[in-house]
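Some notes on the structure that comes next.
No experiment lies behind these values; they were computed from the predicted model shown. Every chain is numbered from 1 and lettered A, B, ... according to where its sequence line falls, protein lines coming before strand lines. Computed from heavy atoms alone, side chains included, the values below leave out hydrogens, waters and symmetry copies.
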There are 2 protein chains.
Amino acid sequence: MIDATEARERVVEAADRLFYARGVQAVGMDAVRAEAGVSLKRIYALFPSKDDLVVAVLHGRRAQWNAGIAASAADAASARDRILAIFDFLDAWFRRPDFHGCAFINVFGELSGGAPGVARVVREQKEAFGEYVAQLVRDAGAPDSLAPQIAILAEGAQTTAAIGDDPEAAAQARAAAATLIDAALAA
Amino acid sequence: MIDATEARERVVEAADRLFYARGVQAVGMDAVRAEAGVSLKRIYALFPSKDDLVVAVLHGRRAQWNAGIAASAADAASARDRILAIFDFLDAWFRRPDFHGCAFINVFGELSGGAPGVARVVREQKEAFGEYVAQLVRDAGAPDSLAPQIAILAEGAQTTAAIGDDPEAAAQARAAAATLIDAALAA
DNA sequence: CTCTCCGGAGAACGATCGTTCTCTCCCTGT
DNA sequence: ACAGGGAGAGAACGATCGTTCTCCGGAGAG
């Protein structure tokens, strides 16, 4: 038998793969069990319901997102470059073969009606990202009004890249962001 | 009994209301029957399957979108104003109490895995909108590279407004679009 | 070695859903 | 008035899903 921590990890990772690839409602708990190699009994001991598992998956995605953004910003010299690094991170993500959209947006569209806990996590993630961008904008010395514009570009790039299956959206959004930053700093 | 055309309209409108409010998978065909006041037998005579009904609903949404965009652009004096009119249309839409996101994006996130016909309609809609924006950009005399930037702002405004439940995203995206247009024309 | 207990495999259960079928009624043509 | 056909109401059917329960084997304590 395996350790409880490892079982939890394996279940969350398996659920993430399946939910992201096929959608939450299209994946049965039995498919999660098969992919994770953890019995249903064990899964339900770790997560009281499927919704709780979805929330755990989103928490994992949030950690991955934050780590990716931070790594991309690490070797940027200025706040301006750290803002643009967001779009470099998106660019690399969009080019991964399994990419098909932001998991938070997808799950929100699918479950926001019936699962308030899930909707809350999605909202928290988007709020936290907005706060991160706002801090970078302040560091760059640009007016606060720039921050939501950058966040909207990042959101739009994700859905455009997903639906159009076109990774170019990252570069297009990056160019737009650069223009907006320069205009905001010149004002 | 009612005319076949009217039955079709009533079914599509009822399905649109229910699908948009609760999600496609969360609404059973029996709920559509109750809301439309059209028997299941009749519904299945008009639409061979639920997926076909979803496609019909999206076609209706596309017509509404095009009409709304056209109406908003109607009293704009220049191509630049017709581009900005897109965001005025979004602003009015975001403020409607039943707004919770772009139906195309929501449905895409929910069904793109299992319903290729649905995914196709969503892709067509986004492509058509991109083409509309590209034409306006050409009319304004701006470089082609501006068009996808505007489209990304529109997409981002929709998801941001939906998840954050904040209609301000339209005005923020509009301001960003104005800055981008002016920068593109000055270059 | 034996008893006990924990966990895995998977059957079972109740609910729901998409789709079809049956039964009945009403409208129409003659 | 009467036969026939189409439409509505809703039961029926088969499949699936989330969740729980049963049964059995195997590991560890005495």
### Query
Got a donor-acceptor pair under 3.5 Å from the side chain of Lys41(B) to the base of dG8(D)?
yes
I need the [atom1]-[atom2] distance between [X] and [N], as an integer number of Å.
X: Gln25(B); N: dA15(C); atom1: CD; atom2: C1'; answer: 17 Å
X: Met29(B); N: dA12(D); atom1: CE; atom2: C1'; answer: 17 Å
X: Leu46(A); N: dG7(C); atom1: CG; atom2: P; answer: 11 Å
X: Leu18(B); N: dC17(C); atom1: CG; atom2: P; answer: 12 Å
X: Leu40(B); N: dG6(D); atom1: CG; atom2: P; answer: 20 Å
X: Phe47(B); N: dT19(C); atom1: CZ; atom2: P; answer: 13 Å
X: Ile43(B); N: dA9(D); atom1: CD1; atom2: C1'; answer: 13 Å
X: Asp51(A); N: dG18(D); atom1: CG; atom2: C1'; answer: 11 Å

### Basic-acidic side-chain contact under 4.0 Å: Asp91(B), Arg174(B)
no
### Message
Please confirm whether the ring centroid of Trp65(A) lies under 6.0 Å from the ring centroid of Phe104(A).
### Response
no
### Touch class at under 4.0 angstrom, heavy-atom based, for Val27(A) against every strand present
sugar-phosphate
### Task
Specify the residue among Asp30(B) and Arg33(A) whose closest nucleotide of DNA chain C lies further upstream toward the 5′ end.
Arg33(A)
## Note on the structure
Regarding the side chain of Tyr44(B), the nearest nucleotide among dG18(C), dT19(D), dA11(D) is dG18(C)
### Message
Can you identify which nucleotide, out of dG7(C), dT20(C), dC17(C), has its nearest atom closest to the Lys50(B) side chain?
### Response
dC17(C)
### Query
Are Leu146(B) and Tyr132(B) joined in one hydrophobic group, where the rule is that I, L, V, M, F, W and Y side chains link up if heavy atoms are under 4.5 Å apart?
yes
### Task
Find out if a path of hydrophobic residues (ILVMFWY) with successive side-chain heavy-atom gaps under 4.5 Å connects Phe108(B) to Ile152(B).
no
